[in-house]
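Reminder, nothing fancy here: chain letters follow the sequence lines and each chain counts from 1. Given the structure is predicted, the values throughout are model-derived calculations rather than measurements.
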Amino acid sequence: MKMIPATEGGYALLHEGVQAFADIESNGICIDVPYLNRTIKKTERRITRLERQLHSSKVFKVWKRMFGNKTNLSSGEQLGKVLFDEIGHKSPGLTKSGQHKTDEESLAKVKDPFVADYLNLIKLRGVLSKNLRGLLSEVTDGKIHSFFNLHTARTYRSSSERPNFQNQPIRDPDIGTLVRSCFIPRRGRKLVEADYSGIEVRVAACYHKDPRMIEYIVDTTKDMHRDMAMECYLLQESDVNKSIRYCGKNMFVFPQFYGSWWRDCSLHLWEAIHKMNLKTASGVPLLDHLRSKGIKKLGQVAVGEDPVKGTFAHHIMQVERHFWNVRFKQYSQWKKDWWQQYLDLGYLHTLTGFVCSGFMRKNEVINYPIQGSAFHCLLWSLIRIVRYELKRRKMKSLVIGQIHDSILGDVVPEEEAEFVHLVHHVMTVELPKVWRWLCVPLEIEVDVSPVDCSWAEKEEVSIPRL
DNA sequence: AAACAGTGCGCG
DNA sequence: AAAGCGCGCACTGTTT
C-alpha cells in the first residue's frame with residue numbers, strides 16, 4: 001500500500017505539519033518526577049504482594065511442577081498449558097500459531113480464582129514497565145519530548161513514540177489517575193485539552209452524505225448511540241441509561257462502522273449484560289427485560305450458520321440489516337460504490353489531497369480515507385494555532401501534545417480564555433471556511449486542569465463566547 | 001548478542 | 001464472499 005500527497009494542499013499539510021510537530025516536540029511535557037519515583041516504589045510493592053499471593057495458589061503449584069526453574073508468570077504460553085492442557089479448563093480458542101489464547105477476554109470465561117489475580121498482576125506489571133519506568137527513562141530536565149510522526153501510519157494519521165504520548169491510560173479510572181498524575185503543566189500554568197467531538201463520524205458523513213446521518217449530527221436533540229441501544233436491547237427511550245448507551249455506541253455502532261458484523265456484535269452486547277450487570281433505567285435486569293420480549297438466549301452459531309429465530313443473535317442480525325438497508329441506506333451505498341471504484345481504479349483519493357494505492361482489503365478501503373481525513377482536520381488546526389496564531393498574538397502558552405483528535409496546551413492562566421476561544425475558533429470556524437468539503441458542523445469539547453495540577457485533574461469547561 | 005515473529009494491551 | 005481501522009511498547013521464545 002502506498003499513500004502520497006497528490007495535491008498542493010496535501011503536500012503543504014505535511015510540510016507545515018512536521019514543522020508544527022517539531023515545535024511541540026521541542027516544547028516537551030513536564031513530568032512530576034518525585035511523584036513518579038514514589039509511584040514506582042508503591043507499584044513495586046503492590047506487585048510483590050500480588051506475586052506472593054499468586055505463589056501460594058493451587059494453579060501456581062501445578063505451574064511450578066510443570067516448568068520448574070523455567071516458571072515465568074509473564075509467559076502466556078506457559079499459562080495456557082497449565083490451565084488448559086494440565087488442569088483441564090476449557091480452552092477459549094487458539095492463536096494463529098496454535099497456542100491457547102490468554103488475553104483478558106479469553107481468560108474471563110475461566111472459572112478459577114487464580115485468573116483475576118493473574119490479570120491484575122499482568123496489568124500492574126505493564127503499567128510499571130511501560131507507563132512508569134518507561135516514562136522515567138525518557139525524562140530529561142523534568143520533561144519528556146515525545147516524537148510525533150507523520151510518515152509512519154498507513155492512513156496518514158500521526159503516531160507518537162519515545163514515549164508514546166498517544167496511549168496513556170484513561171479508560172480504567174484508577175490506573176488512569178495513577179499514570180496521568182505524572183503529567184503536569186509548567187509552574188503556575190494549567191493543562192488545556194481540546195478534542196473534536198465525533199470527528200470520524202462527521203468526516204465519514206462528508207464522504208457518504210447520508211441524510212439520516214447528517215440529521216443525527218446537525219440536530220443535537222437526536223442521539224444515534226441511544227437510538228441503537230434502544231433497538232439492540234428492545235428498550236424505550238426512557239429506559240436507556242449511561243451504561244446501556246455506552247454498549248450501543250461501543251458494541252454496535254462503532255464496530256459496525258469499522259466493518260464488524262452481527263455475530264460479533266451480538267456476542268459482545270450479550271456478554272455486556274452479565275459483565276456490566278445491565279439494568280434498565282427503572283431497575284429491571286436487562287436479561288429479564290429481554291425474556292419478557294421473548295428473547296431467552298444468545299443463540300451463538302458457527303460462522304456460516306444462520307441464527308435461530310427468537311435468539312438474541314437473530315435479533316441483532318435484523319437490527320444490522322435495518323441499520324444498513326433502511327436507516328443508513330446512502331452510507332451503505334457509498335461503501336459499495338467506494339469499494340467498487342477502488343477495484344476499478346486500483347487507488348482511492350482522500351478529501352484532504354492524498355492518494356492511497358496498492359493492495360487493500362475492503363474494510364481498509366472504507367476506513368483509511370475517513371481516519372486519515374479526520375486526523376487532518378486536527379492537523380490543519382494545530383498548524384494554524386502553533387505556527388500562526390500563538391506567534392501572532394505573542395502568547396506565552398504552548399501546545400505540547402496531540403492525540404489524533406485532540407490537542408494539549410500548557411497555558412498561562414491569564415491567557416486561558418483567549419486560548420480556549422482561539423482553539424475553538426480555529427477548529428470549528430476557520431477550518432470549515434477553508435475546507436469547503438466539510439458539509440457538517442464541527443464541535444469541540446475542552447477540559448482544563450487547575451493551576452499546577454496534573455492531567456488527571458482535567459475537567460470539562462464551557463466554551464466562553466467572546 | 002541481536003534480530004525477528006508472535007502475543008497482548010494501552011490509546012484514538 | 002467476508003466478517004473491527006490505526007498506532008507503539010514490553011515481553012517471550014526462537015533464529016541468526
Handout entry: Rounded distance in Å between the P positions of B:dG10 and C:dA3
Key =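 These two P atoms come out 25 Å apart once rounded.
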Exercise for the section: Kindly state whether the ring of A:His225 and the ring of A:Phe254 have centres lying under 6.0 angstrom apart. Expected result: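 Aromatic pair counts; centres sit under 6.0 Å.
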Practice task
May I ask you to check whether A:Tyr368 and A:Tyr156 place their ring centers less than 6.0 Å from one another?
Solution key: no
Just verifying a value: how many Å separate [X] [atom1] and [Y] [atom2], rounded to the nearest 0.5 Å?
{"X": "A:Leu73", "Y": "A:Leu79", "atom1": "CG", "atom2": "CG", "result": "8.5 Å"}
{"X": "A:Phe84", "Y": "A:Ser91", "atom1": "CZ", "atom2": "OG", "result": "5.5 Å"}
{"X": "A:Lys309", "Y": "A:Met317", "atom1": "NZ", "atom2": "CE", "result": "10.0 Å"}

Handout entry: N/O donor-acceptor pair under 3.5 Å between A:Gln19 side chain and A:Ile383 backbone
Key = no
Practice task
For the pair A:Gln402 (side chain) and A:His404 (backbone), establish whether a donor and an acceptor sit closer than 3.5 Å, ignoring hydrogens and angles.
Solution key: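 It does hold such a pair.
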Problem - A:Glu231 and A:Arg327 ion-paired at < 4.0 Å - result: yes
Practice task
May I ask you to say whether A:Glu104 pairs ionically with A:Lys123, meaning some side-chain N is under 4.0 Å from a carboxylate O?
Solution key: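 Answer for the salt bridge query: yes.
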Practice task
Mind checking A:Ser158 for me? I need base, sugar-phosphate or nothing, with any heavy atom below 4.0 Å counting as a touch.
Solution key: nothing
Exercise for the section: Describe the nucleic acid contact of A:Asn72 in one word from base, sugar-phosphate, nothing, applying a heavy-atom distance below 4.0 Å. Expected result: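 Sugar-phosphate contact only.
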Problem - Contact interval (first through last nucleotide) of DNA chain C with protein chain A, 4.0 Å heavy-atom - result: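 So the contact region on DNA chain C extends C:dA1 to C:dG13.
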Exercise for the section: Check whether NZ of the Lys or CZ of the Arg A:Lys329 lies under 6.0 Å from the centre of the six-membered ring of A:Trp334 and within 45 degrees of that ring's axis. Expected result: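 The answer is no, since A:Lys329 fails at least one limit relative to A:Trp334.
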Completion exercise
Each nucleotide of nucleotides 2-12 of chain B classed B (base within 4.0 Å of a protein heavy atom), S (only sugar-phosphate) or -, in 5' to 3' order, makes ----SSBBBBB
Handout entry: Degree of bending, the helix from B:dA1-C:dT16 to B:dG12-C:dC5 (end axes from five pairs; round to 10°)
Key =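 About 10°, once rounded to a multiple of 10°.
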